[in-house]
Amino acid sequence: MEVTMDPATAEYWMREALDEARRACDEGEVPVGALVLLNGKIIGRGHNNPIHRCDPTAHAEIVALRQAAHNAGNYRLPGAALIVTIEPCVMCVGAMIQARVDELVYGARDSKAGAVHSVFRMANTKELNHRIAATGGILEEECSALIREFFNARRQ
């Protein structure tokens, strides 16, 4: 699939996702933030929250997708774009495929669990019934620094 979001627009929305990630950090959660856009408007937003919700599925992407589906009145989100500060994991890419998200924009790669380009390549595999146009590296240094600083602080 072809990516449709231009770089300036992607950076604009990534800054919004970074604000969500900072909310997670303020709550003691791993700082990841996500937005779901439809027709250029935010219909879902979320940040990591598995500790406070006692829910291993409460990743930023899942929280944003749940809110977006609720707001759209449909579990399918054709035409939607998901913006997230770090490359999604297998669970989150799976949820995006089930929701029929068209486009993914992410900040930092995840060399341990990334399921788009780093470890697995689920977003654009012919074995699955839906493909997601994916772009990574948007504000990558800012997204990486936020995660790195969070874990450095926890180690001290």
Side-chain angles (χ1 to χ4, degrees), residues 1-27 29-50 57-68 77-155:
M1 286 186 67
E2 185 177 316
V3 173
T4 59
M5 193 175 299
D6 66 87
T9 302
E11 284 188 16
Y12 173 83
W13 291 118
M14 188 60 71
R15 291 189 195 293
E16 283 282 321
L18 278 162
D19 287 344
E20 282 294 322
R22 289 183 193 97
R23 286 183 185 94
C25 192
D26 291 344
E27 295 172 7
E29 302 271 2
V30 175
V32 179
L35 309 170
V36 177
L37 307 173
L38 189 61
N39 300 320
K41 294 184 174 124
I42 297 171
I43 64 166
R45 59 173 65 234
H47 55 271
N48 267 10
N49 217 322
T57 70
H59 289 195
E61 300 94 322
I62 302 297
V63 174
L65 285 168
R66 285 179 178 153
Q67 188 179 86
L77 300 168
L82 191 141
I83 316 298
V84 63
T85 57
I86 193 164
E87 182 181 2
C89 71
V90 170
M91 175 184 69
C92 293
V93 175
M96 285 183 260
I97 290 167
Q98 293 302 315
R100 304 300 192 262
V101 168
D102 283 349
E103 188 168 3
L104 166 68
V105 174
Y106 69 88
R109 283 188 178 232
D110 183 348
S111 61
K112 294 181 181 175
V116 179
H117 294 118
S118 296
V119 180
F120 302 104
R121 294 183 175 265
M122 288 178 54
N124 203 14
T125 180
K126 65 181 186 214
E127 287 80 17
L128 298 174
N129 63 339
H130 180 72
R131 285 160 197 72
I132 302 167
T135 303
I138 304 299
L139 299 181
E140 183 172 17
E141 185 48 44
E142 287 180 55
C143 295
S144 292
L146 190 59
I147 296 253
R148 194 171 44 252
E149 290 164 11
F150 174 81
F151 283 111
N152 284 342
R154 296 214 39 190
R155 286 185 201 104

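Fair warning: this is a prediction, and the values are worked out from it, not measured in the lab.
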[atom1]/[X] to [atom2]/[Y] distance, rounded to the nearest 0.5 angstrom?
{"X": "T9", "Y": "I83", "atom1": "OG1", "atom2": "CD1", "value": "9.5 Å"}
{"X": "C92", "Y": "I86", "atom1": "SG", "atom2": "CD1", "value": "11.0 Å"}
{"X": "M91", "Y": "T57", "atom1": "CE", "atom2": "OG1", "value": "5.5 Å"}
{"X": "D110", "Y": "I147", "atom1": "CG", "atom2": "CD1", "value": "8.0 Å"}
{"X": "S111", "Y": "H117", "atom1": "OG", "atom2": "NE2", "value": "15.0 Å"}
{"X": "R100", "Y": "N129", "atom1": "CZ", "atom2": "CG", "value": "4.5 Å"}

Any donor-acceptor pair under 3.5 Å from R131 side chain to K126 backbone: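 A pair under 3.5 Å: yes.
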V101 backbone acceptor or donor facing H130 side chain under 3.5 Å: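 Yes; at least one donor-acceptor contact below 3.5 Å.
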Which pair of heavy atoms, one from [X] and one from [Y], lies closest together, and at what distance?
{"X": "A60", "Y": "N48", "result": "N-OD1, 2.9 Å"}
{"X": "V116", "Y": "E87", "result": "N-OE2, 3.0 Å"}
{"X": "G107", "Y": "C143", "result": "CA-SG, 3.8 Å"}
{"X": "A108", "Y": "E140", "result": "CA-CG, 3.9 Å"}
{"X": "T85", "Y": "M14", "result": "CA-SD, 3.9 Å"}

Stepwise side chain to side chain contact (heavy atoms under 4.5 Å, CB included) test for Q67 and V63: CA-CA 6 Å; Q67 188 179 86; V63 174; 5.8 Å; no
CA sep, side-chain torsions, deciding dist, call: L77, I43, side chain to side chain contact (heavy atoms under 4.5 Å, CB included): CA-CA 10 Å; L77 300 168; I43 64 166; 4.2 Å; yes
Lys/Arg N to Asp/Glu carboxylate O, D26 vs R23, below 4.0 Å: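 Looking at D26 and R23, the cut-off is not met.
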By salt bridge (charged side-chain N to carboxylate O under 4.0 Å, His left out) - contacts of R121 (at least two apart):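 Salt bridge (charged side-chain N to carboxylate O under 4.0 Å, His left out) check on R121 returns nothing, list empty.
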Qualifying residues under salt bridge (charged side-chain N to carboxylate O under 4.0 Å, His left out), relative to E141, sequence neighbours excluded: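 Applying salt bridge (charged side-chain N to carboxylate O under 4.0 Å, His left out) to E141 gives R148.
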Just distance, no hydrogens or angles: give the donor-acceptor pairs under 3.5 Å from side chains in residues 29-40, sequence neighbours left out.
unit_1	atom_1	unit_2	atom_2	d
E29	OE1	I51	N	3.2
E29	OE2	I51	N	3.1
E29	OE2	H52	N	2.9
E29	OE2	H52	ND1	2.8

Stepwise side chain to side chain contact (heavy atoms under 4.5 Å, CB included) check, M5 with I138: CA-CA 11 Å; M5 193 175 299; I138 304 299; over 6 Å; no
Qualifying residues under side chain to side chain contact (heavy atoms under 4.5 Å, CB included), relative to R155, sequence neighbours excluded: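 Expected list: F151, N152.
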Residues which pass side chain to side chain contact (heavy atoms under 4.5 Å, CB included) with A115, listed by chain and number, not counting sequence neighbours: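 Applying side chain to side chain contact (heavy atoms under 4.5 Å, CB included) to A115 gives V90, V93, F120, M122.
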Residue pairs passing the salt bridge (charged side-chain N to carboxylate O under 4.0 Å, His left out) test where at least one lies in residues 34-46, sequence neighbours excluded: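 Matches after skipping sequence neighbours: E16-R45, E20-R45.
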